[in-house]
Structure formats: structure tokens, C-alpha cells
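One structure is given here, and the rest of the page talks about it.
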Amino acid sequence: MTLIDLQNRIKQRLQEAALELFGLSVEQVSAETPPKPELGDLAFPVSFELAKLIKQSTGTRVAPRAIAEKLKEKLAADEEISRIEVAGAGYLNIFFDRAQLLSVFAAVLPLAIDHATIESVSSRPKQMVEHTSINPNKAAHIGHVRNAVLGDTFVRILKAAGNEVEVQNYIDNTGVQVADVVVGFKHIERMTLDEIKNLDGSLPEDRPFDYYCWDLYTKVGLFYRDDDPNGQPNPEKLKLRTDILHALEQGNNPTAELADYVATRNVECILDTMERLGIRYDLLARESEILHLHFWDRAFQLMKSAGVIRLETEGKNKGCWVMPFESHTGTDEHEADKIIVRSNGTVTYTGKDIAYQLWKLGHLGLDFNYKPFRKYPNAQVAWVTTTEPNSETLPEVPRPNFGGGVTVYNVIDSRQSYPQEIVARGVAGLVPELGQDASVHLAYEMVALSAGACAELGIELSNEDRAKPYIEMSGRKGLGVKADDLIDRLEADALREVEARHPELTAEEKASTANEIAVGALRYFLLKFTRNSVIAFDFKEALSFEGETGPYCQYAAVRASSIFRKLDRESHVVAEKLIQRAAGDAEIRKQVAQALDGEAGTEIWSLVMLAERFDEVVAQCAAAAEPANLAKYTFNLARAFNFFYHRHRIIAEEDLTKKAVLITAADIARRQLTSALATLGINVPERM
RNA sequence: GCACGCGUAGCUCAGUUGGAUAGAGCGUUUGACUUCGAAUCAAAAGGUCGCAGGUUCGAGCCCUGCCGCGUGCACCA
């Protein structure tokens with residue numbers, strides 16, 4: 001039995017009692033953790049809820065405390081409950097039998113989830129998460145990394161909560177941003193495809209292809225404006241882009257071939273960056289296939305016949321197919337209706353997105369073809385979409401069935417809330433039984449640059465920018481912190497520390513430890529903010545290994561495992577047996593209870609209780625789609641462990657019962673902490 | 001103009017869906033390494049929860065109105 005099981009059982013008892021005593025059914029019984037461990041292990045504020053319901057149904061006012069007293073009597077003491085108190089204005093506080101529960105918890109203690117082996121559970125309905133989806137025309141910056149880390153962590157949370165999950169990364173390989181870089185290669189650099197390939201092969205390792213494109217992309221921005229950053233775009237040069245865009249949409253021509261090389265190489269570089277952070281994908285869905293396999297044509301037919309869009313015959317949008325949008329009021333300047341097909345017959349991005357979303361939910365009636373794109377070291381494969389029906393396969397790795405998710409989460413920054421709403425509405429309009437809830441926009445705020453970060457990057461700010469609270473990053477202007485640069489700095493800083501602390505490790509061990517610390521620092525930094533908070537990126541904060549950081553949490557886990565490394569095997573076995581026997585043996589249970597009693601005992605017990613809340617936190621994070629809660633929990637658990645660590649000498653403890661209790665508590669805490677970190681995508685090194 | 005988000009300690013942020021004395025980290029001040037690792041721990045100082053009303057047993061959280069900031073509202077993606 002876990003804490004969640006226990007909690008649910010008590011909730012059910014309370015519902016039964018409410019029905020019996022007052023004839024009222026309480027739909028949701030919420031459980032809380034009391035502010036202080038002295039107040040109990042679990043608190044139920046049901047009496048307040050009941051007082052309200054009684055007043056509503058009978059008009060009489062009953063004091064919550066009186067209700068709590070009655071509930072307390074009804075709540076026949078479970079084996080695990082030692083006592084119940086009514087406290088405050090009417091809280092029902094539950095105190096567990098600590099010795100009994102410690103034994104139960106120790107018995108069901110799962111192995112800590114391994115970072116790399118969080119597996120999908122295939123018996124459940126498939127959840128689908130799309131994240132990363134970086135335009136494949138340049139290197140990833142930290143804003144992209146926030147997206148990827150958020151998405152990847154949410155994937156881990158869903159899996160830890162027992163779901164089957166498919167991870168997609170959308171590749172917009174035929175869009176304007178790729179076209180821009182192609183303009184750069186063709187019209188600024190005047191390079192052929194072969195010359196680009198040669199260049200790619202000759203680039204230094206620390207400035208690979210995506211870095212080259214990053215710089216080229218900013219040159220293209222200037223090129224359009226005839227090298228005046230504040231100038232007007234030159235229409236003739238913009239036409240170069242339009243022409244290339246058409247060639248890309250058409251496919252099967254030298255320009256499209258060149259663009260495909262550029263986009264594919266950028267995808268490879270971006271996937272390399274993500275691999276450094278432990279982020280992987282099941283499928284790369286490309287826009288080129290959505291076009292060439294006629295996904296849009298099918299979606300267009302469906303939308304027309306379902307009446308989701310209509311052809312405007314007059315007015316401003318004459319000749320366009322639009323989706324009516326009455327909830328947004330239109331003005332002269334801003335039209336309320338959303339144009340899906342332009343008057344020249346071409347489809348907007350939103351239109352294509354509706355087709356893709358329909359496919360994700362299994363309601364398009366068409367499918368991609370697939371081929372392997374990248375094999376990961378653990379034999380996992382990232383597949384990519386293709387037009388070729390009989391493309392390459394891997395006999396040793398069967399191809400999964402892609403698509404058909406029951407819920408689709410799109411991790412996209414909150415500036416795209418409006419188009420995302422249209423996609424969800426469009427899909428819901430086409431397939432009413434799906435409803436708008438099948439499409440979830442997992443929105444998050446952007447990562448911007450603090451004034452200090454700009455100064456450090458040598459970016460000169462205009463007076464207008466200086467007045468702002470933060471500076472928005474811009475790929476077009478080349479304004480941003482590249483992901484690999486930041487990871488490099490974090491790894492270098494971590495390596496310096498590891499070298500100073502553990503000179504005995506091999507160079508390889510030092511490097512992998514430094515990587516784990518760097519990943520811990522970066523992922524935690526991006527996860528500790530809730531989704532709707534703008535991160536004003538600051539180097540000092542992001543590069544910190546102290547305080548509320550990933551390395552702090554890792555350090556606590558490393559200390560915990562160092563106890564078990566030093567502890568002799570026999571003491572460990574003796575402790576495990578002793579705690580096991582406490583469940584049945586009254587005398588031993590009494591001794592264990594004594595060790596868990598009093599102020600010192602409560603300290604130990606509250607660590608155990610906090611550690612046992614992990615499953616509940618994961619479930620909450622999955623429901624709220626908010627990974628920051630898990631980050632917060634993990635930090636609090638690490639903090640609680642560090643406190644415990646300072647207060648109690650485990651190996652030196654002479655009282656065998658007390659020692660067994662300490663060992664068990666440390667074991668529970670370390671495993672849950674390791675699992676929590678793994679769910680955040682953070683590894684625990686051997687030493688650090 | 002309309003829509004969405006934000007405003008909490010000097011700074012950066014949490015706040016368990018309306019509950020117990022509003023919490024962390026950083027920074028500041030002070031103390032703790034002969035110990036299972038000090039990337040740590042302990043203590044102190046620091047608050048008109050933007051402002052004003054309202055709803056109720058109870059509001060940082062819900063409602064209304066202001067003020068300030070951000071982001072959307074393209075036949076771009």
C-alpha cells in the first residue's frame with residue numbers, strides 16, 4: 001500500500017460518513033498536508049465544505065468543528081491510523097501509526113526510476129506530446145531549450161503517471177525561415193549544393209553547420225533591407241524568398257533539394273544539442289510530407305463539407321475561406337474571422353496545422369510513410385516522415401504505429417495562443433465527439449534576456465530597449481544565447497569543480513559527471529519557473545550550482561548514496577529485516593515507534609512522509625500539466641534530506657533499532673529523490 | 001480598442017484550485033568542517049500580497065472598477 005492508496009481509502013470513508021450522517025454527497029474530498037508535522041500527517045478540510053452544503057440544503061448553520069467531531073467518531077480507526085484530532089477551525093487531522101507504515105512503505109519501495117528507462121505503458125490510451133519544433137534553419141537558443149525541456153519533462157511525468165506517450169517534433173522544412181537561409185546560400189554566398197556540403201564538412205567541431213546558419217540567417221535579414229538594419233525591405237529581394245518558397249512547396253527541383261540538405265543538417269545539429277540534455281523523439285513529422293501526401297487537401301474537403309469554414313463572396317476577405325470567430329470582436333483594423341485559405345488559393349500555416357492536428361488525433365483518414373532518422377545508443381529510434389511508400393526499414397526495430405493520440409499536447413509558446421485556439425476549434429468542429437479538450441495547448445512564456453545578459457553578450461541596446469524590463473530574443477537578429485554555448489559553459493564550470501574535488505576519477509568519468517551536473521543545472525533552472533512566468537535570462541542565476549538548483553538536489557542524492565556505499569552490507573540487511581518484522585511483531589514495533597516518537601522521531605518521520613508524496617505530486621503535475629510543481633517538490637525533498645543528514649549520524653548510530661529506522665528513512669528518501677530527479681530528466685552521478 | 005497573462009520580501013520566484021502564523025532561493029548579518037562529503041546546515045533581519053470596493057465563517061487566490069507592465073489580435077509562420 002502506498003500513501004495515495006491510504007489517502008483514497010480515507011477519502012472514501014469520509015464520503016460514506018457524510019452521506020450517513022448528513023445525507024449529503026461530497027464529490028471531491030481534498031486532502032492537505034498540515035503546515036507542521038506536529039499537526040498530523042494528513043489534514044481534511046471536509047467539514048468546511050459540509051458546513052456549506054448543510055447551510056445550502058437546510059438553511060441551518062452548523063459549526064465546522066462540530067461536524068469534524070462527528071466525522072471523527074465515524075471514522076473507525078484503521079490499522080494504519082493511530083489517532084485523529086479536530087484542530088483549528090474544523091480540520092480533521094490524521095496521525096498515522098508510524099512504525100506500522102514505515103514497515104509498509106519499506107516493503108513496497110520500488111527501485112528508483114532510472115533516468116534512461118522511464119518506459120511508456122502501452123496498455124493505456126496514447127497521449128501525444130509535440131515539442132521542440134524548432135525551425136530547421138539555425139542553432140537552438142535557450143528559448144527553444146525551455147520548450148524542449150518543458151515538453152520532455154512533461155513526457156516523463158505522463159509516463160511516470162502510467163501513460164503511454166508518443167513524442168513528436170514538428171519540422172517546418174518548407175517554411176519561410178528555411179527559405180531565408182536558402183536565400184542566404186544562393187544569393188549572398190552564391191553557393192551550390194556541393195559547395196555547401198564541402199563547407200559543412202570543413203567546419204570546426206565547435207562551430208558546426210547550425211552555427212554557420214545562425215550567422216547567415218542574420219545576414220539575410222540585413223540583405224533584405226539593403227544592409228540597413230532600420231531600413232525598409234527591398235521588394236525585389238523579398239521576391240527571391242517568395243520564389244524559393246514556391247520551389248520548396250512544389251518539391252522535386254534543385255532548390256528544394258538544396259533546402260532539404262540545409263534543413264536536414266540543421267535538424268541533425270538540433271537533435272545533437274537535445275541529446276546532450278537527454279531529450280529524444282519518437283517521430284519527426286515534416287511539413288513537406290503534409291504537403292506532398294495531400295493532408296491539407298483532405299482536411300480542406302472535410303472542413304468544407306462540415307461547414308467549419310466558409311467562402312467569403314464579398315467584403316475585405318472576398319475569395320478567402322475563413323473560419324468564423326465570433327468570440328473575438330473585430331474592429332476596423334483587426335478582423336475577427338481567421339483566414340484559412342487565401343484568395344490566391346494557397347493555404348495558411350493554421351490550415352496546415354489543422355490537418356496535422358487531425359492526423360495526430362487519428363481522424364484524418366490518411367497516413368505518412370516513415371523511415372528511420374536516428375538510432376539512439378539504447379536502440380531507441382527516432383523516425384521521420386517520408387513520401388516514399390516502401391522506404392528503408394529496420395528489421396531489428398519494428399516501426400511503431402504513429403498518430404491516433406487520445407489527447408494531444410502541443411508545447412508552443414503562449415504568443416501562439418490565438419492560432420492554437422483556432423486549431424482546437426477547427427478540429428472540434430470537424431469531429432464533434434472529440435471536443436476541444438482533446439487538443440491541449442501547453443503554453444509557456446518566452447525566455448528573454450536580462451539587461452545584464454545583453455551586456456555580457458556585448459549586445460548594444462537602443463534607448464527604447466533599455467526602458468524595457470527584458471529584451472526579447474530574436475533569431476532573425478541573431479539575438480540570443482545559443483544552447484550549446486550555454487551547455488559548454490556549464491560543463492566547463494562543473495568540470496573545474498569535479499577536478500578539484502575528485503582528482504582520482506578518470507577523464508571520462510569527470511567529463512560525464514560534468515555533463516550530468518550541467519544538465520541538472522540547466523534543466524532545473526528552466527523548470528523551476530511556472531509556465532506562465534517570463535524568464536529574464538541571467539547568466540549568474542543560470543550558471544549557479546548552489547541554492548535552489550539542480551546540482552543542489554543531485555548533491556543531496558549523492559550524499560545519500562555515499563552513506564550506502566560506506567555502510568557495511570550486514571548492517572543494511574539487519575536493518576531491513578528488523579523493519580520488516582515490525583509489521584507483525586508487537587515488541588519490535590513498539591521499539592520502532594519509540595525511535596519515531598518525540599521531536600527527533602518526528603523529524604525523521606516527516607522526511608518519510610514527504611518522500612512518500614512523490615506519486616501524488618506526479619499525478620498532480622500530469623493533471624495540471626505543470627512540471628514546475630515537480631521541480632519544487634524535488635528541491636523540498638532534497639532540502640529535507642540535507643536537514644536529516646545533518647541531524648543524524650547513521651553509520652555511527654549505536655542503538656540498532658534507531659539505526660534501522662534511520663537507514664530505512666534514508667533509503668526511502670534517496671530512492672524517491674532519485675526517481676523525482678529522473679522524472680525531471682536529471683541523473684544522479686556517483687560522485688560530484 | 002478587444003482578448004489573454006502578470007503585479008507577493010532589496011532582487012528572482014512559489015503559494016497544494018477559498019483554509020491553520022503568506023513561504024523558498026539569491027543578496028545582507030552571524031554561527032557550524034578532527035564527523036556518513038561545507039556544491040552543506042543553523043540563526044537573524046526583511047511583507048499595506050499594485051490600489052479601491054464586494055462576495056463569506058474565512059480572500060494572495062473568486063467578482064467589479066481602476067493603475068502599471070507584457071503578449072496577441074496578418075491573405076507571416
Side-chain angles (χ1 to χ4, degrees), chain A residues 28 30-36 39 43 45 48-49 51-52 55 61 63-64 87-91 93 135 172 175-177 287 316-317 319-322 325 327-336 338-344 346 348-350 352-353 413-419 421 443 445-446 448 450 468-470 472 494 497 501 517 528-530 532-536 538 540-541 544-549 551-552 554-556 558-560 562-567 613 616-617 620 624 628-629 631-633 635-636 639 642-643 645-653 666 687-688:
Chain A
Q28 278 265 319
S30 54
E32 293 168 15
T33 308
K36 281 180 173 181
L39 290 170
F48 303 113
E49 182 72 18
K52 201 177 286 176
K55 196 186 164 196
R61 216 179 250 191
Y91 283 97
N93 289 347
N135 270 304
D172 187 1
V176 281
Q177 295 214 24
E287 187 178 68
K316 197 171 146 190
N317 295 334
C320 297
W321 286 86
V322 305
F325 215 100
S327 74
H328 287 62
T329 40
T331 60
D332 292 345
E333 264 180 287
H334 302 296
E335 195 58 48
K338 175 66 192 170
I339 289 162
I340 302 297
V341 179
R342 302 178 189 110
S343 55
N344 67 6
T346 57
T348 61
Y349 179 84
T350 308
K352 283 181 270 189
D353 217 16
D413 96 67
S414 58
R415 284 172 290 191
Q416 293 197 47
S417 296
Y418 173 65
E421 195 181 340
E445 280 290 347
M446 63 178 160
S450 66
K468 293 180 179 175
Y470 43 71
E472 191 174 345
E497 287 294 319
R501 289 157 196 253
I517 294 167
K528 73 176 179 181
F529 301 93
T530 50
N532 55 12
S533 154
V534 176
I535 299 179
D538 178 79
K540 188 165 169 276
E541 275 179 55
S544 172
F545 296 157
E546 287 166 20
E548 195 196 336
T549 65
Y552 173 96
Q554 290 171 305
Y555 185 67
V558 167
R559 282 170 135 188
S562 88
I563 295 173
F564 289 91
R565 198 168 46 232
K566 296 252 166 83
L567 184 69
R613 285 189 53 210
E616 187 194 335
V617 172
Q620 265 174 12
N629 297 151
K632 239 15 178 219
Y633 166 80
F635 171 68
N636 282 325
R639 214 157 54 93
N642 275 332
F643 175 76
Y645 181 90
H646 258 262
R647 297 285 290 223
H648 305 281
R649 301 281 84 130
I650 295 169
I651 293 175
E653 178 59 49
R687 289 163 216 273
M688 65 183 278

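Each chain gets a letter, A, B and so on, in the order the sequences are listed, and its residues count up from 1. Note that the structure is a prediction, hence the values are computed from the model and not measured.
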Next item on the list: Return the 5'-most residue of the pair Ala87(A), Val176(A) with respect to RNA chain B, ranking by each residue's nearest nucleotide.
Entry: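 The 5'-side residue here is Ala87(A).
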Notebook entry, point to check: Taking for each residue the nucleotide of RNA chain B bearing the nearest heavy atom, is the 5' side occupied by Ile517(A) or by Pro469(A)?
Noted result: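 Closer to the 5' end of RNA chain B: Ile517(A).
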Checklist line | Nucleotide pairing, RNA chain B (Watson-Crick or G-U, distances under 3.5 Å), in dot-bracket with [ ] and | | finding: (((((((..((((.....[...)))).(((((.......))))).....(((((..]....))))))))))))....
Distance below 4.0 Å between [X] side-chain N/O and [N] OP1 or OP2:
X         : N      : result
Lys55(A)  : U56(B) : no
Arg559(A) : A38(B) : yes
Asn629(A) : G15(B) : yes
Asn532(A) : C6(B)  : yes
Tyr418(A) : C4(B)  : no

How is [X] classified with respect to the nucleic acid when contacts are heavy atoms under 4.0 Å: base, sugar-phosphate, or nothing?
X         : value
Gln620(A) : sugar-phosphate
Phe564(A) : nothing
Lys352(A) : nothing
Pro64(A)  : nothing
Asn93(A)  : base
Glu546(A) : sugar-phosphate
Phe529(A) : sugar-phosphate
Arg61(A)  : sugar-phosphate
Tyr552(A) : sugar-phosphate
Ala556(A) : nothing
Val341(A) : nothing

Nearest listed nucleotide, side chain of [X], among [options]:
X         : options                : answer
Glu445(A) : G5(B), A39(B), U17(B)  : G5(B)
Tyr555(A) : A24(B), G5(B), A39(B)  : A39(B)
Arg687(A) : G37(B), C75(B), A39(B) : G37(B)
Asp172(A) : G72(B), C36(B), A77(B) : A77(B)
Ala43(A)  : A20(B), G15(B), A77(B) : A20(B)
Arg639(A) : A39(B), U40(B), A24(B) : A24(B)
Ser533(A) : G37(B), G58(B), C13(B) : C13(B)
Tyr470(A) : G70(B), U35(B), U17(B) : G70(B)
Phe635(A) : C57(B), C36(B), A24(B) : A24(B)

Note to self: Can you tell me whether the base of C26(B) sits syn or anti, using the 90° cut around 0 to define syn?
What the structure shows: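 Base orientation relative to the sugar is anti.
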Check: Hey, is U17(B) sitting syn or anti, using the within-90° cutoff around 0?
Finding: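 For U17(B), whose glycosidic angle is within 90° of 0, the conformation is syn.
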Next item on the list: For A45(B) and A39(B), measure between their P atoms and round to the nearest Å.
Entry: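 After rounding to an integer number of Å, I get 28 Å for this pair.
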Next item on the list: For U8(B) and A32(B), measure between their C1' atoms and round to the nearest Å.
Entry: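 Each nucleotide's C1' atom is 33 Å from the other's.
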Next item on the list: Can you measure from OG1 (Thr348(A)) to CD1 (Ile339(A)) and round to the nearest 0.5 angstrom?
Entry: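 The CD1 atom of Ile339(A) is 8.5 Å from OG1 of Thr348(A), to the nearest 0.5 Å.
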Next item on the list: Keeping the roles fixed (side chain from Asn93(A), backbone from Leu39(A)), state whether a donor-acceptor pair exists under 3.5 Å.
Entry: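 Such a contact is found between Asn93(A) side chain and Leu39(A) backbone.
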Is there a side-chain contact between [X] and [Y], using heavy atoms and a 4.5 Å cut-off?
X         : Y         : answer
Tyr633(A) : Asn636(A) : no
Tyr349(A) : Glu287(A) : yes
Asn629(A) : Gln620(A) : no
Glu653(A) : His648(A) : no

For the side chain of [X] and the base of [N], is some donor closer than 3.5 Å to an acceptor across the two?
X         : N      : answer
Thr348(A) : C75(B) : no
Arg501(A) : A39(B) : yes
Arg415(A) : U71(B) : no
Lys52(A)  : G58(B) : yes

One thing to verify: whether [Y] and [X] come together as a salt bridge, which I'm taking to mean a side-chain N less than 4.0 angstrom from a carboxylate O.
X         : Y         : result
Lys540(A) : Asp538(A) : no
Glu548(A) : Lys632(A) : yes
Lys528(A) : Glu541(A) : no

Check: So, Asn642(A) and Tyr555(A): side-chain donor and acceptor under 3.5 Å apart, yes or no?
Finding: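 On atom types as modelled, these side chains do not qualify, holding no pair under 3.5 Å.
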Item checked: Rounded interatomic separation in angstrom, taking CD from Gln554(A) and C1' from U40(B) ->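 Computing the Gln554(A):CD to U40(B):C1' distance gives 15 Å.
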